[in-house]
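Chain A is the first sequence line, chain B the second, and so forth, proteins listed ahead of strands; every chain is numbered from 1.
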Amino acid sequence: MNQQLSEQEKQRRSSLEALRNLGIDPYPAAEYPVSHYAQDVHERYQKSPDAGEWKEVSLSGRLMTKRIMGKASFADLMDSTARLQLYLNRDEICPGEDKTLYNDVFKKHLDIGDIIGVKGFIFTTRMGETTLQVSSLQVLSKSLRPLPVVKRDEEGHVYDAFTDPEQRYRMRYVDLLVNDHVKRTFEIRSQLFQAMRRFFDERGYLEVETPILQPIPGGAAARPFVTHHNALDMPLYLRIANELYLKRLIVGGYEGVYEFSKDFRNEGMDRSHSPEFTVMEIYVAYKDYFWMMDFTEQLSEQVARRITGGSPHFQVGENTLDFTAPYRRISMREAILEQTGYDIEGQSEEQIRQKARELDLEIDDSMGKGKLIDEIFGEKCEPHYIQPTFITDYPVEMSPLCKRHRKNPDYTERFELMVNGKEVANAYSELNDPLDQRARFEEQLRLSEKGDDEAMFIDQDFLRALEYGMPPTSGMGIGMDRLAMLFSGQSSIQEVLFFPQMRPEKQPEIPTPEQFAAAGVPPAWRQAALEVYGDVDALRSQKATQIHQKLNGYRKKKKLDLPALQLDEVEKWLQN
RNA sequence: GACUCAGUAGCUCAGCUGGUAGAGCAUCUCCCUUUUAAGGAGAGGGUCCAGGGUUCGAGCCCCUGCUGAGUCACCA
């Protein structure tokens, strides 16, 4: 038996053996047919307690608590839907003389966390709780590790919750089992995808998949992860965006395409940044960003209704967000004017820089006009837009893939949807002028040469595609993780990713008897040396006389069937 | 990347001025036939994150490292 096991783990392993010795397979292969789910029972039993279906039910799930009172016990069974209380009466489940199933199997060898199947009938206890009285019970899977026991009282107070974020993220399976709200978060996440997919599909747009391994990482300004393809003997990059591929498909003649894209960026991690994250991007031909605003507000309203169960209102902290379309639309210039009283229109880069200094923003000389404006907006305006609001017409320097504004070439036809003071969606009238696009890429190349390691690469094939002609197109992207955070009320991106990236755990090295061979210990004495000293170095640090006495003492105590150790033998070990 | 905080039993956490490592739940034994954060009696369970240092003596003080969290910086 492994020395590193905790007492409770050893206990469970011996229960496992005990079950086997009773002829019970702790991991049976056969299907366990189930007639009801726990939630079913709770929702329907009290309305028609006399219905025939309650006389014979079968459920399966995990044992979450045991409350034993002599010849009767209560337990909680948790299936994928809810918990249901079980009542076990010794003489009911063991009608004959043999009380083993109750006294040994249930009381001694079943632990919290074990997966079982039960059959019986539903009744209501004196305390008024819907309960299954068990007539037969089968072990479906024995759990060898103790589950954290989280208790909840009538007022909903939680005791001894499993809260350590590190453990919750590393062992999400445990987190999901004992923390009910965690499952809900991921259900919301799934509903967001479903609602969007339905919205797009109803309008005839095609869900597509584009390369994750890309020879040129394009479509965004970010540092990529690099990998290497052996057969081609060339570097490949994990995509930082899928935009340029989706536009190629619009060139190819699709009316509208969308993709839920897992993107990767080799940058810092924090509460709102994960190295892998999911973005929904959609591109629709013959549309502009005004059309896309209409489309986006309809989408948002539908998504909100899906999450709330029909209402366009959604509570986040102290704010009630109203997703009813249409939303307010305000240009970036107007937004800055509104929040700071400063009009950027017609101002030179130097004037704007001066204003940014007055506003106490952290800026440096490398920042161009666009970057300065963005800084002012991000610091002074963004947090104020709580209700869904479109911010439109961004400076051209910040948007190398976006069409210039039809009325003012210093700006672009771009909007972001702000909700609760944060960006939720980003959209353009897409740039389809191949010559302008080439010039913008070349500007990026100059930034790259100046040391900006996030400037975009020039994608020659993408330019070739544009040269064949792309219809006027509007595209829109939504960060799905951050949207999931918004709708699940989470403030950390790790809470909406099942398995957030973490440094690998260090596996403690478990000493084995074999390692004592290195210290010259003969096979017969290695187990004893392990028990006494724990590891080889501990043994080596001792004098021969001390080892001699300790090991012989151990031999006597454990009544080992070995000849007593001689001092000169031990001295020989240590000479090696 | 900087700073702050944290790491003690399966889980949640105490641990005083440096002086034999504690509680609740969980586990084990015994009692108990409608309980529900069940209860009663008893017991066991620890690499105090790791490695150095100071000290007669370190969970506690100092240094280094590891892991995580938070704040900031960076970041379409």
Side-chain angles (χ1 to χ4, degrees), chain A residues 3-12 14-15 64-76 83 85-92 102 107-108 111-113 123-129 131 133 143-171 174 178-179 219-223 240-241 243 263 265-273 275 277 279 362 364 371 374 378 394 398-402 414 416 423 426 428 452-456 477 479 482 491-492 494 500 502-506 508 511 534-535 538:
Chain A
Q3 199 192 5
Q4 301 297 313
L5 293 177
S6 71
E7 188 194 22
Q8 291 192 51
E9 288 173 298
K10 288 177 188 165
Q11 179 62 37
R12 281 165 183 251
S14 72
S15 282
M64 298 305 280
T65 70
K66 268 164 85 180
R67 299 185 288 280
I68 295 173
M69 303 170 305
K71 292 169 202 149
S73 297
F74 288 90
D76 282 355
R83 291 184 185 211
Q85 179 166 272
L86 306 180
Y87 174 73
L88 292 92
N89 182 299
R90 187 190 70 186
D91 298 321
E92 298 289 335
Y102 183 77
K107 277 171 71 174
K108 291 191 179 147
D111 295 298
I112 290 170
F123 74 110
T124 306
T125 63
R126 282 180 206 159
M127 302 297 291
E129 179 151 350
T131 300
Q133 172 154 350
S143 167
L144 296 182
R145 287 177 183 260
L147 212 52
V149 176
V150 181
K151 292 197 171 183
R152 195 179 294 268
D153 68 16
E154 279 172 19
E155 276 105 52
H157 298 124
V158 174
Y159 300 83
D160 301 321
F162 180 62
T163 52
D164 178 11
E166 179 169 0
Q167 294 203 69
R168 289 182 48 234
Y169 302 152
R170 288 195 194 279
M171 298 191 288
V174 175
V178 303
N179 291 325
R223 281 198 299 270
I240 55 174
E243 172 160 356
D263 293 347
R265 296 187 187 175
N266 205 342
E267 294 165 353
M269 295 166 64
D270 62 32
R271 217 165 69 256
S272 56
H273 293 79
F277 59 102
V279 176
E362 288 188 35
D364 62 66
K371 201 109 181 173
D374 188 58
Y394 284 61
M398 316 208 43
S399 316
L401 299 165
C402 184
R414 172 179 178 181
E416 288 191 355
E423 167 209 339
N426 180 24
Y428 303 156
D452 183 346
D453 55 2
E454 293 188 343
M456 293 186 190
R482 291 181 188 175
S491 57
S492 160
Q494 291 160 303
M502 303 190 92
R503 286 203 155 81
E505 284 177 274
K506 271 211 222 66
D535 67 68

(request) When you get a sec, tell me which of B:U35, B:C75, B:U67 is the closest nucleotide to the side chain of A:Glu267? (result) B:C75
(message) Taking ring-ring contact (aromatic ring centres under 6.0 Å, His included) as the definition, give me every residue that meets it alongside A:Phe123, ordered by chain and number, with sequence neighbours left out.
(response) A:Tyr87
(message) Can you list everything that forms a salt bridge (Lys or Arg N to Asp or Glu O under 4.0 Å) with A:Lys108? Sequence neighbours excluded, please.
(response) A:Asp104
(request) Return the set of residues passing salt bridge (Lys or Arg N to Asp or Glu O under 4.0 Å) with A:Glu166 (not counting sequence neighbours), or none when no residue passes. (result) A:Arg170
(request) Establish, for the pair A:Arg414 and A:Tyr394, whether the NZ or CZ atom is under 6.0 angstrom from the six-membered ring centre and no further than 45 degrees off its axis. (result) yes
(request) Give a yes/no on whether any side-chain N or O of A:Arg126 is located under 4.0 angstrom from OP1 or OP2 of B:U33. (result) no
(message) By nearest heavy atom, map A:Arg482 and A:Lys71 onto RNA chain B; which one lands nearer the 5' end?
(response) A:Lys71
(request) Write down the distance separating the C1' atoms in B:A21 and B:A2, rounded off to the nearest Å. (result) 36 Å
Table of protein N/O atoms under 3.5 Å from nucleotides 39-43 of chain B N/O atoms:
none

(request) Taking only the side-chain heavy atoms of A:Asp91 (C-beta and beyond), determine which of B:G68, B:C28, B:U33 contains the nearest atom. (result) B:U33
(message) Run the side-chain hydrogen bond (donor to acceptor under 3.5 Å, both in side chains) test against A:Arg67 and tell me which residues pass, sequence neighbours left out.
(response) A:Thr65, A:Gln85
(message) Applying a 4.0 Å non-hydrogen cut-off, can you work out what A:Arg90 is touching in the nucleic acid: base, sugar-phosphate, or nothing?
(response) nothing
(request) Tell me, please, which residues at least two apart from A:Arg265 pass salt bridge (Lys or Arg N to Asp or Glu O under 4.0 Å). (result) none
(message) According to side-chain hydrogen bond (donor to acceptor under 3.5 Å, both in side chains), who are the partners of A:Gln8, at least two apart in sequence or on a separate chain?
(response) none
(request) Select base, sugar-phosphate, or nothing to describe what A:Arg152 touches, counting heavy atoms under 4.0 Å on all strands. (result) sugar-phosphate
(message) Please determine whether a side-chain nitrogen or oxygen atom of A:Arg67 lies at a distance below 4.0 Å from atom OP1 or OP2 of B:A38.
(response) yes
(request) For B:C3 and B:A58, measure between their C1' atoms and round to the nearest Å. (result) 27 Å
(message) Distance check, P atoms only: B:A14 and B:U8, in whole angstrom units.
(response) 11 Å
(request) Can you tell me, in whole Å, how much space there is between the C1' of B:G19 and that of B:G51? (result) 24 Å
(message) Tell me every residue that passes salt bridge (Lys or Arg N to Asp or Glu O under 4.0 Å) with A:Asp91, counting only those two or more places apart in sequence or in another chain.
(response) A:Lys99
(request) Send over the distance from A:Lys107 NZ to B:U33 C1', rounded to a whole Å. (result) 11 Å
(message) Base contacts versus sugar-phosphate-only contacts with protein, heavy atoms under 4.0 Å: please encode nucleotides 5-12 of chain B as B, S and - from 5' to 3'.
(response) -----BSS
(request) Taking atom P in both B:A50 and B:G7, compute the distance separating them and give it to the nearest angstrom. (result) 13 Å
(message) Could you tell me how far B:G15 sits from B:C61 if I compare only their P atoms? Round to whole Å.
(response) 12 Å
